[in-house]
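All values reported here derive from a predicted model rather than from experimental measurement.
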Amino acid sequence: MGDANFAFFVLFLLPVFLLAVLYFLVRPRPVKIPIKNRHVFITGGSSGIGLALAHRAAAEGARVSILARSPDKLEEARNAIRLATGMEVAAFAADVRDFEAVKRAVDDAGPIDVLLLNHGVFVALELDKMELSEVKFTMDVNLMGTLNLIKAALPAMKNRNDPLPASIALVSSQAGQVGIYGYVAYSASKFGLRGLAESLQQEVIEDNIHVSMIFPPDTDTPGLAEENKRRPELTKIITASSGSMKADEVAQKALDGIKCGDFIVSCNFEGIALSLATAGLSPQRSFLMAFLEVVAAGILRIVALGMQWTWYRSIEKYHSQRKGAS
């Protein structure tokens, strides 16, 4: 009888108690962020994930603005979105590294309800083979460019008249959750976005602004094609098991997560596992996801150690073969 009571406690009462505690603990509280008839401002919006996001947002009835460096690509993107959705899109040419140019674009676009920061550059190369100019360029675009946009848009977002919740969404990468060989500068810039987002959420929650971090895997974009030309052989070996997604699939996952106010937005099964394994002190709105994070933590740590073992074995094997060949 005692064993039966213990089993009942472990299998039923303990999970129920834990769920009740987590329901009370999770912060910020759940929220729904509509995008129909609202202003969605997307950086890196002329191609890849950014263009797919613009298509999706326009199709859902949002007023869309896109920002990128190339006026020609912006015009192509505007025409493509108009043909596909019948919606007019505002386009702004600016380099995200230039705060004054970004500020002019944001001011000209008008009050923003959803700021979607998708811009980014990537150089896959070992640090000792990278030029410092390449490292700085990566940091300036991926991290400082994001800060520039938020700094430019935040005053008007905080003072908006719209009582509905607003959103600031940052497109990171699964390389912003785990470091990978050849991704030193890129991962550093993307890991930086996480600290930015966690701190920013605390600063803007009272303004009813909700921050999301989107972690896509390799995505079939023109940028990925260029990246693959320079990827170190070891990087290809280590990342070979990771799947890729279409830009439109990532865009749909991203918008769904933004509308739910999710802080962490994963795009595939591997991404969910990574997010559970790296949840740490991140905000969590869903008590059910919090339950999974708590329950899965130990198991996923074992899985993570297994992945690290595989990666380091690949590195050892690669260097042994190179030494043998020489």
Evaluate the criterion side-chain contact (heavy atoms from CB on, under 4.5 Å) for residue pair Leu74 and Arg69; output intermediate values, then yes/no. CA-CA 8 Å; Leu74 281 167; Arg69 282 181 296 176; over 6 Å; no
side-chain contact (heavy atoms from CB on, under 4.5 Å) between Ile180 and Tyr186, intermediate numbers included: CA-CA 10 Å; Ile180 298 292; Tyr186 183 68; over 6 Å; no
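The backbone N or O of Gly261 sits nowhere less than 3.5 Å from a side-chain atom of Ser212 that would complete a donor-acceptor pair. A distance-only check finds a donor-acceptor pair linking the side chain of Asn142 to the backbone of Val121 [under 3.5 Å]. Within the 3.5 Å criterion, the main-chain N or O of Ile238 finds no donor-acceptor partner in the side chain of Ser314.
A pairwise comparison of heavy atoms in Ala153 and Val106 identifies CA-CG1, 3.8 Å as the closest pair. Minimum heavy-atom separation, Val64 to Ala58: CG2-N, 3.6 Å. Annotation for Ile209 and Arg160: closest pair CG1-NH1, 3.7 Å, computed over non-hydrogen atoms. Of all the heavy atoms in Pro165 and Arg38, the pair that sits closest is O-NH1, 2.7 Å. Closest heavy-atom contact between Ala109 and His39: O-CE1, 3.3 Å. Nearest approach of Val211 to Ala197, heavy atoms of both residues: CG1-CB, 3.7 Å.
Looking at Thr85 and His55, their side chains never bring a donor and an acceptor atom within 3.5 Å of each other. Gln177 and Ser275 form a side-chain donor-acceptor contact under 3.5 Å, judged by distance and modelled atom types alone. Checked by atom type, the side-chain pair Tyr181/Arg231 shows no donor-acceptor distance below 3.5 Å. Looking at Asp256 and Gln252, their side chains do bring a donor and an acceptor atom within 3.5 Å of each other.
Using a cutoff of 4.0 Å between basic side-chain nitrogens and carboxylate oxygens, Glu75 and Arg78 are scored as salt-bridged. A salt bridge is absent between Asp140 and Arg97; no separation between the charged side-chain nitrogens and carboxylate oxygens falls under 4.0 Å. In this structure, Glu316 pairs ionically with Arg313, as a charged nitrogen and a carboxylate oxygen lie closer than 4.0 Å. Between Arg194 and Glu198 there is a salt bridge, since at least one side-chain N of the basic residue sits less than 4.0 Å from a carboxylate O of the acidic one.
Within the 4.5 Å cutoff, side-chain heavy atoms of Leu234 are placed close to those of His319. Counting only heavy atoms from C-beta outward, the side chains of Cys267 and Met245 approach each other to under 4.5 Å.
For Phe287 and Phe24, the gap between ring centers reaches or exceeds 6.0 Å.
Partners of Arg27 according to the side chain to side chain donor-acceptor pair (under 3.5 Å) rule, which considers only residues two or more places apart in sequence or in another chain, do not exist here. In this view, Asn118 satisfies the side chain to side chain donor-acceptor pair (under 3.5 Å) rule with no residue, not counting sequence neighbours.
Residue Ile299 is not grouped with residue Leu276 when hydrophobic side chains (ILVMFWY) are merged at heavy-atom distances under 4.5 angstrom, including chains of intermediate members. Both Val250 and Leu51 are members of a single hydrophobic cluster when ILVMFWY side chains are connected at heavy-atom separations under 4.5 Å. With hydrophobic clusters built from ILVMFWY side chains whose heavy atoms lie under 4.5 angstrom apart, Met213 shares a cluster with Leu115. Hydrophobic clustering, with ILVMFWY side chains joined whenever heavy atoms are under 4.5 angstrom apart, keeps Ile66 apart from Ile150. In the hydrophobic cluster analysis, where Ile, Leu, Val, Met, Phe, Trp and Tyr join through side-chain heavy atoms closer than 4.5 angstrom, Met139 is grouped apart from Val141.
The aromatic rings of Tyr183 and Phe122 sit perpendicular to each other, their planes meeting at more than 60°, with 30° as the lower class boundary.
Taking the centre and axis of the six-membered ring of Tyr23, the NZ or CZ atom of Arg29 falls inside the cone set by 45° and 6.0 Å.
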